[in-house]
Every structure is written in C-alpha cells, then in structure tokens.
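To start, the structure under review is shown below, and the notes come after it.
All residue numbers refer to positions in the sequence shown, counting from 1. On a predicted model such as this, the values are computed, not experimentally measured, just so you know. Order of appearance sets the numbers: ligands from 1, and atoms from 1 within every ligand.
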Amino acid sequence: MVPEHFDVLVIGAGISGIGAAVHLQARCPGRTFAILEGRERLGGTWDLFRYPGIRSDSDMYTLGYSFRPWTSPQAIAGGPAILAYLEETAREHGVEPRIRFGHRVTRASWSSGSARWTVEVERGAACEPVRLTCSFLFVCAGYYDYERGHAPELPGAERFRGRIVHPQFWTDDVAWAGRRVVVIGSGATAVTLVPALARTASHVTMLQRSPTWIVSLPEEDRLANALRRVLPAKLAYALTRWKNVLLGLFLYQLCQRRPALAKRMILRGVRRALGPGFDVERHFTPSYDPWDQRLCLVPDGDLFEAIRGGRVSVVTDRIERITETGIRLRSGEELPADLIVSATGLEMKFLGGLEVAVDGARVELPKTTAYKGMMLSGVPNLAMAVGYTNASWTLKCDLTCEYVCRLLNHMEARGFDACRPELDDPSVRPEPLIGLRSGYVERARRLFPMQGSKRPWRLYQNYLLDRLVLRHGRVDDGALRFSRAAPGAAEAKRPAAA
Ligand SMILES: Cc1cc2nc3c(=O)[nH]c(=O)nc-3n(C[C@H](O)[C@H](O)[C@H](O)COP(=O)(O)OP(=O)(O)OC[C@H]3O[C@@H](n4cnc5c(N)ncnc54)[C@H](O)[C@@H]3O)c2cc1C
C-alpha cells in the first residue's frame, strides 16, 4: 500500500506543535500537514505535569504565542490555565482535526531520490505499525523523556514505610495533608511544589545538596493589567511582551556581565523576604553565577513567606540513606518523613527520541551541528522547535515556525525539493550546544548536536538577534544548499493522499 503523504508532518502537539500548525495554516495555506502526537491529549508539558502548584516559571506574555494574547491577570500562570490556553488556541484555529493522537514516531528515513521522509509510527496501546511519508519534517517534541524522570538512586528506599513520588508521575492519590513531607531538590519544580504542599502538610522540608539562585517576582503584572483596561487586547499584549522581552534580556546580560552586582541584588531580595536570623549564605547562595544555571522564579515570594511562617524549612546537606521513617543525612541529622518527593529533575531527550537516517546512513546527533538553532548539518528538510534556555521557550519557537514557513515558500517559489545545511567552512569551531551548567544539561551533553563558533551555526539565545536573522535574514545564505529531486521522482512526489 502507498503510504499516506503530507507536505509537512509535525511531531508533537505541545506549545510548539500547536504553534507550528497555526503558522503553517496562516503562512503556507496550500500545504497539507498533520500533527503526530504520541499521547492521547494535546498540551505536552502542560498536560503531563499534575503536581500541586504546577505553574509557569516565566511570564505568560512571553510564554504565550505572538499571535494570541494572554488575557488572564496572572503573569505567572498555573498549569491548568496554560493547558486551557493551548486547548482554546487549537480549537479557535481549527488545529484539533489535524492532530493524530496516539501516534508515536520512532524512526524517520530520508531518501534523496524521492526527496521525502518515510516516517515510522507506533499507533495506540498496541503499538500498531503505521508508515507515512512527508516532504518536510518539523520536530516539535520538546526536550525531555516523558516516560522517565531523573531519579538518582536513593540508598535504602525500599525500607521506607511512606511513599516516594517523582513529580513527573504525580497522581491524585498522593496524600500530603497533615503529613511530614521532604522534597529533595531546589530547582524550578521543588520551589513550586514546596509552598503548595506547605498549605496543608504538617511540615515541609526542602532538602538540597546545594542552593539555587531564586528571585521573587509579582504574580500579577500591574502594567499589563492596566494596559489591558485601556487598550485593545492585542496591542496591550504586544506592548507587555516587548517590555518583558527587553527586561529579560537586560537581566540576563546583567547576570552575565556583572555577576557580582547581580548576586548582591538577588541576595538583598532574599534577605529582605526571609528576615533577620536566616542563614542565607548557606541555603540561598550558590557557588555558580546567576544564569550559569536557569534562574528560579517564585511568584510574590511564596516560598520565602512559607519559610518565614515556619511551615517550611530548608536543609542543605547530603543524603546518606533512606530509613524506615525518613532520611538520614551525612551530618548525622535525621529528617522524619511520611512522604518523600524526589524533585530531582528531567531526563533529556533530543528529537523526541527519533532514530533518523539519511539515504540509509544513521544520523549521529553529536556529529551534527545545529544550523540557526533549528536544523542539523547534513540532514535535509528537517527542522526542530527548540526554545530558549534563558527566556521563554515560545519566543524562539514562534520565530522558528515563521522561518520554516519562509523556507517552505522559498523552495516552492523556486521549484526546489530539498534544502540541506552544509558545514564546510573550516573556520567554524565546534562548541557545546547549550551553555547552561545545570545537572540535566550536563547529564545529556553527549546526546546533543554541537553548535558552531559563528553564524549561521551559532546559537545566540537572544530574541532580538534571532528576530533579525530569522525574520529578515536571507534564506539562501550559502550554508543552506537547495536541490531538486532526481528526474523520474516526479511520480513519487505526487501526493497519494492529502
Ligand atoms: C514543569 C515545567 C515547567 C516549565 N515552565 C516553563 C516556563 O515557565 N517557561 C518556559 O519557557 N519553559 C518552561 N518549561 C519548559 C517547557 O517544557 C516548554 O516551555 C514548553 O512547554 C515545551 O513545549 P514543546 O511543545 O516544545 O514540548 P512539550 O511540551 O514537551 O511537548 C512535546 C509533545 O511532543 C510529543 N512527542 C514527543 N516525542 C514524540 C514522538 N516521538 N512521537 C510523537 N509525539 C512525540 C509529546 O508527547 C508532547 O505532547 C517548563 C517545563 C516543565 C517540565
């Protein structure tokens, strides 16, 4: 049977996949496309994570789409509100019928002869094999493993009489009201969970090996809410988005260029929030500079307030072992617990775990170099939506989607079937793709492609530069090589179905 063919197959129906669909519909109206989603629901991250207090840790005016205003008064929003925004976006833009749920993509092989991808899919719980073809593959599969969280071994865990939960797999039957909870970790998830659990737990301890930089920001953006009262929603949103983009860039640059000043400013905020007598040096002063790892944000200082109110304590120590009744620390202290939450992070996964082959040769990601942070050297007609690590994910994904549409239109106008980034400039030095020193990035470095030392192989992590390059830069920049399919492949190119 001839496999069903699409001009574009999008993998993933999270923020970036839904955004990709809206951009494709608006900018490439003639193209056939479908979204292949491994799960049975859309929303990705915002549907998967169900732990108490789940929320964004960047503002929704930049995490929201460029094309659809975020109109809720909360700038830092809860997971259910973000999921509702994604569902409404998909419904309003007619994206839902394009999504094929329960379609997990396992492999994609490119044939230069026919200038198309053959995509292998496992459908539904029975993993029924399905084969589709497409001319362009747009991978919007996020960056982490949905099946596994990062769970370092906890020696003695089998003896613990309570329950041990990883936040990625939180279920409705996890009980914490009136109980003693220890949350292991102090990253974005831990600082979200701790104040939320502390509302009803008898006590919560945040146990960290080392501190994280934590900044308090207002949950509501007063300027955004004022603008929305007097201006049309779209204009108010655009102005707030720009304000937050520029503020974010300024704070990031300040941390990178004047780390001592940034540290002093952050610590002053923490000291003020926690009051006198708290050991800020030990528990809230990391050894690394702000933004060498992702900065953690707490809305209206909720974490600090819970600590000050005595409902939460912070312990900086190492685990020796789990006991029947809690956690024994290297210092000899014992933390009693009824529930242990291992907020120890994510397991990264690149390209949705896809095995990719080009003309029969398997692509080894670490041997490729990212082109404009969205394509891979030597891999034709494939783009990936990878957001910023120092700003909201969607800012970059929106630009990537726009660029992919420009690229598709450029190829159609000139009769090209394939585009392939080629790195043959010997002056481009390879560098690690992600500069962050966070644990989850370090653990996964060997899985990533590289980046190059200069344009268009360099990842700037800078919205203003990317906007210039991706929106206004030349598509035909010399590094992206265009070609036509071999004569005789015309038959293969004709759609079998739309
Ligand atoms: C708890 C939490 C909070 C976060 N908060 C923020 C924040 O405030 N700001 C920010 O910028 N970022 C945040 N992030 C990062 C966040 O993941 C991104 O912002 C964004 O949600 C990623 O969207 P995405 O669509 O690219 O990926 P995801 O949300 O991960 O969606 C990917 C989709 O692709 C599907 N998929 C994956 N592989 C395959 C495959 N092989 N076949 C078929 N389908 C596949 C998945 O099932 C999923 O539905 C947060 C992450 C977490 C975990």
Side-chain angles (χ1 to χ4, degrees), residues 9-21 34-65 75-79 81-83 85-86 89-90 99-108 119-123 127 130 132 137-147 149-150 166-168 170 187-193 217 244 248 294-297 299 343 345-356 374 384-398 400-401 440 463:
L9 277 175
V10 176
I11 303 180
I15 279 197
S16 51
I18 294 167
I35 304 179
L36 304 178
E37 169 52 58
R39 303 173 71 236
E40 294 298 337
R41 296 164 61 98
L42 61 76
T45 299
W46 303 104
D47 180 61
L48 178 79
F49 280 83
R50 303 282 173 150
Y51 59 77
I54 166 83
R55 57 164 171 80
S56 65
D57 58 5
S58 57
D59 74 278
M60 287 308 298
Y61 305 102
T62 53
L63 188 59
Y65 297 114
I76 307 296
I82 302 174
L83 182 59
Y85 172 80
L86 296 180
T89 306
I99 308 175
R100 302 201 175 182
F101 290 103
H103 280 57
R104 201 170 67 80
V105 184
T106 55
R107 192 180 148 81
V119 174
E120 312 287 347
V121 176
E122 290 176 353
R123 183 161 62 191
C127 297
V130 173
L132 301 165
L137 197 56
F138 195 3
V139 185
C140 300
Y143 63 98
Y144 62 86
D145 194 330
Y146 272 62
E147 271 86 51
H150 178 63
H166 192 286
Q168 191 167 330
W170 198 279
T189 302
V191 303
T192 303
L193 258 168
L217 278 188
N244 289 358
R294 213 178 149 103
L295 207 68
C296 272
L297 195 150
L346 304 166
E347 232 10 279
M348 293 196 85
K349 201 175 200 183
F350 210 76
L351 282 182
L354 235 71
E355 194 185 310
V356 179
M374 69 171 79
M384 55 199 181
V386 183
Y388 292 122
T389 51
N390 64 352
S392 279
W393 187 260
T394 320
L395 285 175
K396 174 74 187 282
C397 291
D398 260 339
T400 302
C401 293
Y440 67 100
Y463 178 72

Handout entry: Pair Tyr143 + Trp393: ring centers closer than 6.0 Å
Key = yes
Fill in the blank from the handout: Within 4.0 Å of some non-hydrogen atom of Arg294, the atoms of ligand 1 are 9 (N), 10 (C), 11 (O)
Fill in the blank from the handout: Rounding to 0.5 Å, atoms CG (Leu137) and CD1 (Ile11) come to a distance of 4.5 Å
Problem - Under 3.5 Å: N/O of Gly17 near N/O of ligand 1 - result: no
Practice task
Find all atoms of ligand 1 within a distance of less than 4.0 Å from any non-hydrogen atom belonging to Gly38, and give their numbers and elements.
Solution key: 43 (C), 44 (N)
Exercise for the section: Would you sort out whether Phe138 and Cys401 count as a side chain to side chain contact (heavy atoms under 4.5 Å, CB included), showing the intermediate values? Expected result: CA-CA 9 Å; Phe138 195 3; Cys401 293; 3.9 Å; yes
Problem - Validation row: Ile15, Cys397 side chains within 4.5 angstrom (heavy atoms) - result: no
Exercise for the section: Return the residue, atom name and 0.1 Å-rounded distance of the protein heavy atom closest to atom 19 (O) of ligand 1. Expected result: Trp393 CB, 3.1 Å
Fill in the blank from the handout: Closest to atom 7 (C) of ligand 1 among protein heavy atoms sits Asp57 OD1, 3.0 Å
Exercise for the section: Work out whether the distance between some heavy atom of Leu351 and some atom of ligand 1 is less than 4.0 Å. Expected result: no
Completion exercise
When distances are taken from atom 2 (C) of ligand 1, the protein heavy atom at minimum range is Thr45 CG2, 4.0 Å
Handout entry: Phe49 N/O under 3.5 Å from ligand 1 N/O
Key = no
Practice task
Provide, to 0.1 Å, the distance between atom 24 (P) of ligand 1 and the closest protein heavy atom, together with that atom's residue and name.
Solution key: Ser16 OG, 3.2 Å
Practice task
Looking only at protein heavy atoms, identify the closest one to atom 30 (O) of ligand 1 and say how far it is in Å.
Solution key: Tyr146 OH, 2.6 Å
Problem - Atoms in ligand 1 flagged as close to Gly44, the criterion being non-hydrogen separation under 4.0 Å - result: 29 (O), 31 (O), 48 (C), 49 (O)
Practice task
Flag the pair Val130 / Arg100 as yes when at least one side-chain heavy-atom distance between them is below 4.5 Å, and no otherwise.
Solution key: no
Exercise for the section: Would you please determine whether Ile11 falls within less than 4.0 Å of ligand 1 on a heavy-atom basis? Expected result: yes
Exercise for the section: To the nearest 0.5 Å, tell me how far Gln168 CD sits from Leu346 CG. Expected result: 6.0 Å
Handout entry: From NE2 (His103) to CG (Leu9), nearest 0.5 Å
Key = 10.0 Å
Exercise for the section: To the nearest 0.5 angstrom, please state how far the CZ atom of Phe350 sits from the CE atom of Met384. Expected result: 4.0 Å
Practice task
Answer whether the closest heavy-atom distance between the side chains of Val191 and Asp57 falls below 4.5 Å.
Solution key: no
Problem - Proximity flag Ala385 to ligand 1, non-hydrogen atoms under 4.0 Å - result: no
Exercise for the section: Please tell me if the side chains of Trp170 and Pro52 come closer than 4.5 Å, counting only heavy atoms from C-beta onward. Expected result: yes
Problem - Identified side-chain contact (heavy atoms from CB on, under 4.5 Å) partner of Glu37 from the options Leu42, Ile99, Val10 - result: Ile99
Practice task
For Arg39 and Gly44, work out which heavy atoms get closest and say how close.
Solution key: NH1-O, 3.8 Å
Problem - Nearest neighbour in protein (non-hydrogen) for atom 47 (O) of ligand 1 - result: Glu37 OE2, 2.6 Å
Completion exercise
In this structure, CG of Leu217 is separated from CG of Asp59 (nearest 0.5 Å) by 8.5 Å
Exercise for the section: Examine distances only and state if a side-chain atom of Thr394 and a backbone atom of Tyr65 form a donor-acceptor pair shorter than 3.5 Å. Expected result: no
Exercise for the section: Using a strict 4.0 Å cut-off to heavy atoms of Leu36, name the atoms of ligand 1 that fall inside it. Expected result: 43 (C), 44 (N)
Practice task
Identify the protein heavy atom lying closest to atom 34 (O) of ligand 1, giving its residue, its atom name and the separation to 0.1 Å.
Solution key: Gly12 CA, 3.2 Å
Practice task
Give the numbers and elements of all ligand 1 atoms closer than 4.0 Å to a heavy atom of Gly142.
Solution key: 26 (O), 27 (O), 30 (O), 32 (C)
Practice task
Report the part of Ile54 in contact with ligand 1, treating N, CA, C, O as backbone and CB onward as side chain, heavy atoms under 4.0 Å; options are side chain, backbone, both, neither.
Solution key: side chain
Exercise for the section: Answer with yes or no whether Gln168 contacts ligand 1, where contact means a heavy atom under 4.0 Å from a ligand atom. Expected result: no
Practice task
Considering only non-hydrogen protein atoms, determine which one is nearest to atom 42 (N) of ligand 1 and report residue, atom name and distance to 0.1 Å.
Solution key: Val105 N, 2.9 Å
Exercise for the section: Could you tell me whether Ser58 and ligand 1 have an N or O pair separated by under 3.5 Å? Expected result: yes
Handout entry: Spacing of CG belonging to Asn244 relative to OG1 belonging to Thr62, to within rounding of 0.5 Å
Key = 6.0 Å
Problem - Numbered atoms and elements of ligand 1 in range of His103, under 4.0 angstrom, heavy atoms - result: 42 (N), 43 (C)
Exercise for the section: Please work out which of Trp46, Tyr143, Tyr144 has its closest non-hydrogen atom nearest to atom 51 (C) of ligand 1. Expected result: Tyr143
Fill in the blank from the handout: Note: ligand 1 atoms sitting under 4.0 Å from heavy atoms of Arg104 are 42 (N), 43 (C)
Practice task
Report yes or no: does Tyr51 have a heavy atom closer than 4.0 Å to ligand 1?
Solution key: yes
Handout entry: Leu63 neighbourhood, listing ligand 1 atoms whose heavy-atom distance to it stays under 4.0 Å
Key = 7 (C), 8 (O), 9 (N), 10 (C), 11 (O), 19 (O)
Handout entry: Non-hydrogen atom of Lys396 closer than 4.0 Å to ligand 1
Key = no
Exercise for the section: Measure the distances from the heavy atoms of Cys140 to every atom of ligand 1 and state whether one is below 4.0 angstrom. Expected result: yes
Problem - Test item: side-chain donor near acceptor, Tyr144 and Thr45, under 3.5 Å - result: yes
